[in-house]
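Residue numbers begin at 1 in each chain, while the letters A, B, ... track the order of the sequences. Quick caveat, the model's predicted, so the values are computed rather than measured.
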Protein chains: 2
Amino acid sequence: MLSRDRIVAAAIAVIEREGADAVSMRRIAAELGVGVMSLYNHVPNKSALLDAVAETVLSQIEFTDDPAAHWTQRVRMQARAFRQIAHHFPRCTMVVVSRQLRSTAGLLPVERALATLRDAGFDGREAVQMLRVFIAYIVGSLLREVGVTPTFAPVRPDIAVAEVDPALFPMVSAFAPDLMACDHEEEFDFGLELLVQTMAVRAEQAAGHEG
Amino acid sequence: MLSRDRIVAAAIAVIEREGADAVSMRRIAAELGVGVMSLYNHVPNKSALLDAVAETVLSQIEFTDDPAAHWTQRVRMQARAFRQIAHHFPRCTMVVVSRQLRSTAGLLPVERALATLRDAGFDGREAVQMLRVFIAYIVGSLLREVGVTPTFAPVRPDIAVAEVDPALFPMVSAFAPDLMACDHEEEFDFGLELLVQTMAVRAEQAAGHEG
DNA sequence: GTTGACGTACGTACAGCGTACGTGACACGC
DNA sequence: GCGTGTCACGTACGCTGTACGTACGTCAAC
């Protein structure tokens, strides 16, 4: 028996195996051994199916929030939970990121993050700003990591940087070794630590002004 | 006479006017009043055309780098130059971000940024890490701003947050006013300042250890 | 037991897509 | 005049999303 969940699962499988471009209604129907139009009994259209994919992926984030832990540690955990899911569904990440979905699946992480930031001592305005900075950083990092790489950082460093003309790009040439190496986890944690520590300083300032 | 530049310009025009989904070879050919296949005399395929679009948009970033200015100010300027171009070609931003292009157009910003970070006193490793953090933050911010909104932040805040069940999402409900308001420029500058100041601290530490 | 309604799977059909291929018009060096 | 190239173009193929009509199951009411 066909079902929405089975269709979404098949879509995720196809995306992870063959990339987001390979997704077509016919492809997914074939994957499930059913006719194309049968899918439309459970999913209104392709766009909605991709939304469902994004939502499903997002809902699988495992937030093992420990209220007893220091809030900085909780921020780290939450950020890494995002990274982990992107690692688990690398090729779905771009799908998740490129669809602006409005659902409870998307709101749960926000809820958790705001709670943590409130515990850190930020008021509403600051908490939201901090949250947005974090989200921006995480999303940008994941895009680089997933290889969609919006940036100029070395996607295929060996090729990109090695061929650079030192006269035109002296810095890029000089820093080529560092540009080529890219331990995604290390890079992510570097920026994460940067942000968390900055946040800690701000939290103390806020507490100081207040009390 | 048809030319690669005219084709790319037409593609950008179509994207900005009707969105990236509206781009098709036929659509662009019609825009230029030529046959579809004529395009292929100047562009190998659609993918290459979109790459050219990304490259063209990227190359229009205006880096008015002032070597006399303090490096923190130069970092700010460069980051804002990115934001400005995304503002100028909002609907092309997703195209730029989603194609990993390897070209000099993409390397120039990296060159400038590395030079600035070197002036700040960072060695190669640190400079590259800092650069990556900045790129991640900028890319993530622009995605939110452009409305492709990878995040859960309020794309359509009035709708999204207003309907939230306070019992399920107490924090989101409580912070609704702050979540709803989103002055993109202000948010961007907040995070930018956060990063620049953190960077300044690091730079001092690095200088201290060194000298 | 018959009838009708309903949900589900399916096939057909259509407009649109990217692009491989062939054709014809024109400009050039010989 | 005659290859040889470049460029615009038309046709055609296999793909896409999906509107529509159809056929077969199950279940309720009579």
Side-chain angles (χ1 to χ4, degrees), chain A residues 1-57 91-92 94-103 148, chain B residues 1-57 91-92 94-103 148:
Chain A
M1 181 70 163
L2 211 47
S3 75
R4 187 188 136 106
D5 284 350
R6 288 223 306 139
I7 294 174
V8 172
I12 292 177
V14 169
I15 292 175
E16 286 306 323
R17 201 179 329 121
E18 309 176 28
D21 290 344
V23 174
S24 77
M25 299 305 271
R26 283 173 172 78
R27 180 73 189 76
I28 292 168
E31 188 83 4
L32 292 167
V34 301
V36 192
M37 295 314 291
S38 306
L39 303 177
Y40 286 88
N41 288 322
H42 307 269
V43 168
N45 52 46
K46 185 183 179 180
S47 176
L49 171 57
L50 290 180
D51 283 344
V53 166
E55 192 175 332
T56 300
V57 168
R91 311 184 82 163
C92 283
M94 193 60 199
V95 176
V96 174
V97 149
S98 62
R99 340 217 97 230
Q100 56 191 66
L101 45 90
R102 143 167 41 281
S103 73
V148 80
Chain B
M1 180 70 165
L2 212 47
S3 76
R4 187 187 136 105
D5 284 351
R6 289 223 303 139
I7 294 174
V8 172
I12 292 177
V14 169
I15 292 174
E16 287 305 325
R17 200 177 332 118
E18 308 176 26
D21 289 344
V23 175
S24 78
M25 299 305 271
R26 285 172 171 81
R27 180 75 189 74
I28 292 169
E31 188 84 3
L32 292 167
V34 300
V36 191
M37 295 314 291
S38 306
L39 303 177
Y40 287 87
N41 288 323
H42 306 270
V43 168
N45 52 47
K46 184 183 180 181
S47 176
L49 171 57
L50 291 180
D51 283 344
V53 165
E55 191 174 332
T56 300
V57 169
R91 311 184 82 162
C92 283
M94 193 60 200
V95 175
V96 174
V97 148
S98 64
R99 337 218 100 229
Q100 56 191 63
L101 45 91
R102 145 169 36 283
S103 74
V148 80

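With rounding to whole Å, A:Ile28 atom CD1 is found 11 Å from D:dT18 atom P. One interatomic measurement links the two molecules: OH of A:Tyr40 to P of C:dT12, which rounds to 17 Å at whole-angstrom precision. Atom CE in B:Met25 sits roughly 7 Å away from atom P in C:dG18 (whole-Å rounding). Taking atom CG of A:Asp21 as the reference point, atom C1' of C:dG18 lies 13 Å away to the nearest angstrom.
One cannot find a donor-acceptor pair under 3.5 Å joining the base of C:dG16 and the side-chain atoms of B:Arg26.
Counting only heavy atoms from C-beta outward, the side chains of B:Lys46 and B:Val23 approach each other to under 4.5 Å. Counting heavy atoms from C-beta outward, B:Leu39 and B:Leu32 have side chains that approach closer than 4.5 Å. Residues A:Val95 and A:Val57 fail the side-chain proximity criterion, which asks for heavy atoms closer than 4.5 Å. Contact of the B:Val36 side chain with the B:Ile28 side chain is not registered, since no non-hydrogen atoms from C-beta on lie closer than 4.5 Å.
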Revision key, fill the gap. Scoring nucleotides 3-11 of chain D by protein non-hydrogen atoms under 4.0 Å (B base, S sugar-phosphate only, - none) yields ----SBBBB
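Pairs engaging residues 32-43 of chain B under the side-chain hydrogen bond (donor to acceptor under 3.5 Å, both in side chains) rule: none recorded [sequence neighbours left out]. Residue pairs satisfying the side-chain hydrogen bond (donor to acceptor under 3.5 Å, both in side chains) criterion with at least one member in residues 23-36 of chain B, sequence neighbours excluded, are listed as follows: B:Arg17-B:Glu31, B:Glu18-B:Arg27, B:Arg27-B:Glu31.
Listed nucleotides C:dC17, C:dT19, D:dG17 differ in distance to B:Asn45; the shortest reach to its side chain belongs to C:dT19.
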